[in-house]
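Counting convention: from 1, in listed order, for ligands and their atoms alike. Residues: numbered from 1 along the sequence shown.
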Amino acid sequence: MTKKRIAILGSTGSIGTQALEVIEKNQSHFELEVITAQSNADLLIKQAIKHKPNTVVIGDDKQYLKVSDALEKFDIKVFGGSKSISQVVEMETVDIVLIAVVGFAGLEPTINAIKAKKHIALANKETLVVAGDLISKLSKENKTNIIPVDSEHSAIFQCLAGEGINPIEKIYLTASGGPFRGKDFNFLKTVTKTQALKHPNWKMGAKITIDSASMMNKGLEVIEAKWLFDLDNKQIDVIVHPQSIIHSIVQFCDGSMKAQMGLPDMKLPIQYAFSFPQRIKTDFPRFNFLNYPELTFEAPDMKNFRNLALAFEAVRYGGNIPCILNAANEIVVDAFLNNKIEFLKMPDVIEKCMQTIKFINDPSYEDLINSNNESRKLALSYIK
Ligand code: NDP
Ligand code: MG
C-alpha cells in the first residue's frame with residue numbers, strides 16, 4: 001500500500017496534536033508532509049523537529065524568523081503568513097489535508113484544497129456552517145471526498161458505509177449536554193469561563209469547549225450535518241446523551257436505526273478520516289458494557305441554551321444567516337474567554353446580528369466574506 005501523505009493545518013491544536021499521534025503510530029500507512037500553526041511557534045518548532053515534515057508554515061508573519069532560524073539545520077521548508085497556509089495545501093506531495101484550524105480561518109484553505117483535488121479530512125465545522133452550499137458544490141465539481149472528523153459526523157458517515165442508494169430518513173446527533181446540562185437560568189447567569197472550560201467527556205480547544213457549554217457546538221453541527229449528508233432541516237434531530245458513548249444515529253426508511261458507538265476518543269475519527277475506506281487496528285481501550293449499565297437520553301433544553309434554537313433558525317433561513325451566526329459567535333466566545341461578556345448574553349448578541357445584517361439568499365464567496373466581517377463588527381459594537 002502506498003503511504004498517504006498528510007498536511008495538518010492547525011497541528012498545534014487539540015485535533016492537530018492528536019493527528020500527529022495517529023500518524024506517528026501508523027508510519028506504514030501515513031507520512032507527514034506539512035504542519036501549520038497560527039502563533040504557537042515554540043510548539044510548532046518542537047513538532048517539526050520531532051516529526052520531520054517537509055514543510056512548516058507559521059501563520060503569524062512576525063514569528064517567521066524565529067521558526068526558520070530554529071529549523072535552519074534541518075531539511076524542512078519554512079513559510080510564513082496566512083496566505084501560505086492556504087497555498088501549501090496545493091502542493092503536489094500532499095494527498096490528504098486535515099483542516100484542524102479553528103473558526104472562519106478554515107474556509108480559504110479548504111476551498112483551495114478542494115480545488116487542488118485533495119482528499120479533505122474536515123475537523124473545522126465552521127467552514128461548512130459559513131459556506132456549506134459553496135463547499136458542497138465545489139467538492140462535487142472537483143470530485144473530492146470530504147471525510148468528517150467531528151465525532152458525530154464521523155459516526156453518521158460510518159453508519160452510511162455500505163448503504164449505497166438507501167436514503168436517510170433522519171439523523172440523530174448526540175450531545176453530551178456539556179458542563180451545564182440541567183442547569184437553570186439563574187445558575188447560567190453567573191457561570192464563569194473556568195466553569196465553562198471544564199467539559200465532562202472531551203478535552204478540546206478553548207473555542208469549541210465554550211461552544212459545547214453553550215450548546216452552540218451542537219447548533220454548528222446541525223448545519224454541518226445538513227451539508228455533509230445533503231439533508232433537509234427536518235431530517236436532523238438532537239438528542240442529549242450525557243455518557244458520549246453513542247456518537248450519533250442514522251434512521252433509514254424502514255425504521256431501522258444504526259448507531260456508531262465507542263469510548264470517546266477523537267483519535268478514532270481522525271484515523272478513520274485518514275484511512276477510509278480501510279480501518280486500521282488500534283490499541284485504544286475497548287468499551288465495556290458492564291461499566292456503562294445505563295446509557296441515557298433526554299431532550300435538549302433550547303429555552304436556557306438559546307444558541308441551539310438560533311442555529312436551527314439559521315439553518316431554516318439559510319443564505320448568509322449561518323455565516324452571520326458563526327461570525328457573531330466567534331466574537332462573543334472570544335469576549336467570554338476574556339471576561340467581557342456574560343454567558344447568557346452571548347445568544348442575545350448573536351440573535352441581534354442575525355436580525356440586523358442584510359439577508360442574502362444565495363451568497364457568493366465575496367458576500368460571505370462581507371457578511372462575516374459585518375457580523376464581527378456589529379457583534380463587537382454590542383459588546384463594547
Ligand atoms: P485548538 O484551538 O486547539 O487549535 C486550533 C489550531 O488552529 C491551532 O493549531 C492554532 O494555531 C490554529 N489556528 C488558530 N487560529 C488560526 C488562524 N486564524 N489561521 C490559521 N490557523 C489558526 O482547536 P481544536 O483542535 O479544538 O479545534 C479545531 C477545529 O476542529 C475546530 O473547528 C473545532 O470545532 C473542530 N473540532 C474539534 C474537536 C476537538 O476535540 N478538539 C472535535 C470536533 C471538531 P496556534 O496554536 O498557533 O494558535
Ligand atoms: Mg462534535
How are the rings of His153 and Phe229 set relative to one another: parallel (under 30°), tilted (30 to 60°) or perpendicular (over 60°)? parallel
Can you classify the ring geometry of Phe297 versus His241 as parallel (below 30°), tilted (30 to 60°) or perpendicular (above 60°)? parallel
Can you name the nearest heavy-atom pair linking Ala379 to Ala328, along with the distance? CB-CA, 4.0 Å
For the backbone of [Y] and the side chain of [X], can you confirm whether one donor and one acceptor N or O come within less than 3.5 Å of each other?
X      : Y      : answer
His247 : Gly262 : yes
Lys267 : Gln18  : no
Thr174 : Ile246 : yes
Asn233 : Phe312 : no
Thr36  : Gly10  : yes

N/O of [X] under 3.5 Å from N/O of ligand 1, yes or no?
X      : result
Glu126 : yes
Ile15  : yes
Ser14  : yes
Met266 : no

Any heavy atom of [X] sitting closer than 4.0 Å to ligand 1?
X      : result
Ser82  : no
Ser39  : yes
Lys207 : no

At less than 4.0 angstrom from any non-hydrogen atom of [X], what atoms of ligand 1 do you find?
X      : value
Ala105 : 17 (C), 18 (N), 19 (N)
Ala100 : 5 (C), 6 (C), 7 (O), 28 (C)
Ile85  : 20 (C)

Please determine if [X] and [Y] form a salt bridge, counting it only when a charged side-chain N lies under 4.0 Å from a carboxylate O.
X      : Y      : value
Lys358 : Glu374 : no
Lys115 : Glu141 : no
Lys125 : Glu221 : yes

Got the closest protein heavy atom to [atom], with its distance?
atom                    : result
atom 2 (O) of ligand 1  : Gly205 CA, 4.0 Å
atom 4 (O) of ligand 1  : Gly13 CA, 3.1 Å
atom 21 (N) of ligand 1 : Val101 CG1, 3.5 Å
atom 43 (C) of ligand 1 : Asp150 OD1, 3.1 Å
atom 36 (N) of ligand 1 : Ile208 CD1, 3.6 Å
atom 9 (O) of ligand 1  : Thr12 OG1, 2.7 Å
atom 13 (N) of ligand 1 : Gln38 CB, 3.6 Å
atom 35 (C) of ligand 1 : Ala123 O, 3.1 Å

Any donor-acceptor pair under 3.5 Å linking the side-chain atoms of [Y] with those of [X]?
X      : Y      : answer
His51  : Ser11  : no
Asn326 : Glu330 : yes
Ser154 : Gln158 : yes
Asn54  : Glu33  : yes

Quick check for you: within a radius under 2.8 Å, how many protein N, O or S atoms neighbour the Mg ion (ligand 2)? 3
